[in-house]
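Heads up: the structure comes next, in C-alpha cells.
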Amino acid sequence: FRLDKFLLLCIQMLSVQPDAKPKGCAGCNRKIKDRYLLKALDKYWHEDCLKCACCDCRLGEVGSTLYTKANLILCRRDYLRLFGVTGNCAACSKLIPAFEMVMRAKDNVYHLDCFACQLCNQRFCVGDKFFLKNNMILCQTDYEEGLMKEGYVSQVR
C-alpha cells in the first residue's frame, strides 16, 4: 500500500500578533481577528475554515498534516479512502480498505483479525514468533511439527 502522487503538508498554528495587520482567510476571505490562525498551503486560515472537503473535520484539530489531491484538501482518513491503494488479504482473500490497519509478512498483507496461525488459528501477540512457510503463517509449534513430519530436526527454540 503506497500513497501515490499526493501532497502531504504541515499545518502550523500561529499566534496573531496584536500590532500586525490582520491577514485574510483563504477559506472565507474575511480578516482573521482570532487569537490564533493556521498556516497551510502557504495561506492563512481561521481554525474553523481549514476543513476536510469530505468529512468537514477541522484539520487543525485532527493533526498537524493535511493531504491535497485533485484540488481537494483532505484529512488522512478521507485521502486514503478516496485515493489509497487497496489490496487483498493473503489469508482470507477479501479486500482490505486502504485506511485499515494491517499486518505484513514479507510481501503478504493481512487484516489484523486474519493474522493468526493458519493451522490452529492462534492469534499472535506483540513479540510472538511466527513463521511464513509456503505463504502460510504458522505459530512456532505448528512450524516445528511440520519440520518434524518432513524429517528435519528442529533447532528452533
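- In this structure the side chain of Met136 reaches within 4.5 angstrom of the side chain of Leu119, judged on heavy atoms.
- The distance from the CG atom of Asp56 to the CG atom of Asp78 is 10.0 Å, given to the nearest 0.5 Å.
- Residues Val102 and Leu112 fail the side-chain proximity criterion, which asks for heavy atoms closer than 4.5 Å.
- Scanning all heavy atoms of the two residues, the minimum distance from Gln140 to Phe131 falls at CA-CE1, 3.5 Å.
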Test log, rule side chain to side chain contact (heavy atoms under 4.5 Å, CB included), inputs Gln118 and Asp142: CA-CA 9 Å; Gln118 290 176 297; Asp142 287 329; over 6 Å; no
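- Note: Leu72 CG to Cys54 SG = 6.5 Å, rounded to the nearest 0.5 Å.
- Of all non-hydrogen atoms in Ala40 and Leu50, the two that sit nearest each other are CB-CD2, 3.9 Å.
- Between Leu41 and Ile73 the shortest side-chain heavy-atom distance falls below 4.5 Å.
- Residue pairs that meet the salt bridge (Lys or Arg N to Asp or Glu O under 4.0 Å) test with at least one member in residues 89-99, sequence neighbours left out, do not exist here.
- Sequence neighbours left out, the pairs with a member in residues 101-130 that pass ring-ring contact (aromatic ring centres under 6.0 Å, His included) are Tyr110-Phe115, Phe115-Phe124, Phe115-Phe130, Phe124-Phe130.
- For the pair Cys120/Thr141, no side-chain contact is recorded, criterion being any heavy-atom separation below 4.5 Å from C-beta on.
- Evaluation of the side chain to side chain donor-acceptor pair (under 3.5 Å) test over residues 39-53, restricted to residues two or more places apart or in two chains, returns Asp48-Arg58.
- To the nearest 0.5 angstrom, Lys149 atom NZ is 13.0 Å from Glu144 atom CD.
- Between the CD atom in Gln122 and the CG atom in Leu138 there is a gap of 11.0 Å [rounded to 0.5 Å].
- Linking ILVMFWY side-chain heavy atoms closer than 4.5 Å, directly or via other members, places Val62 and Met101 in two distinct hydrophobic clusters.
- Of all heavy-atom pairs between Cys52 and Leu59, the closest is N-CG, 3.8 Å.
- One finds the CD atom of Glu61 at 10.5 Å from the CD1 atom of Ile11 (value rounded to the nearest 0.5 Å).
- Note that OH of Tyr67 is 8.5 Å distant from OH of Tyr79, once rounded to the nearest 0.5 Å.
- Listed by first then second residue, pairs satisfying salt bridge (Lys or Arg N to Asp or Glu O under 4.0 Å) with a partner in residues 110-119 read Asp113-Arg123, not counting sequence neighbours.
- Residues satisfying the salt bridge (Lys or Arg N to Asp or Glu O under 4.0 Å) test with Asp128, not counting sequence neighbours, are none.
- Scanning all heavy atoms of the two residues, the minimum distance from Cys117 to Cys139 falls at SG-N, 3.4 Å.
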Only pairs under 3.5 Å count here: list side-chain donor-acceptor contacts from residues 20-38, not counting sequence neighbours, and write none if there are none.
none

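- Of all the heavy atoms in Leu132 and Asn135, the pair that sits closest is CD1-C, 4.0 Å.
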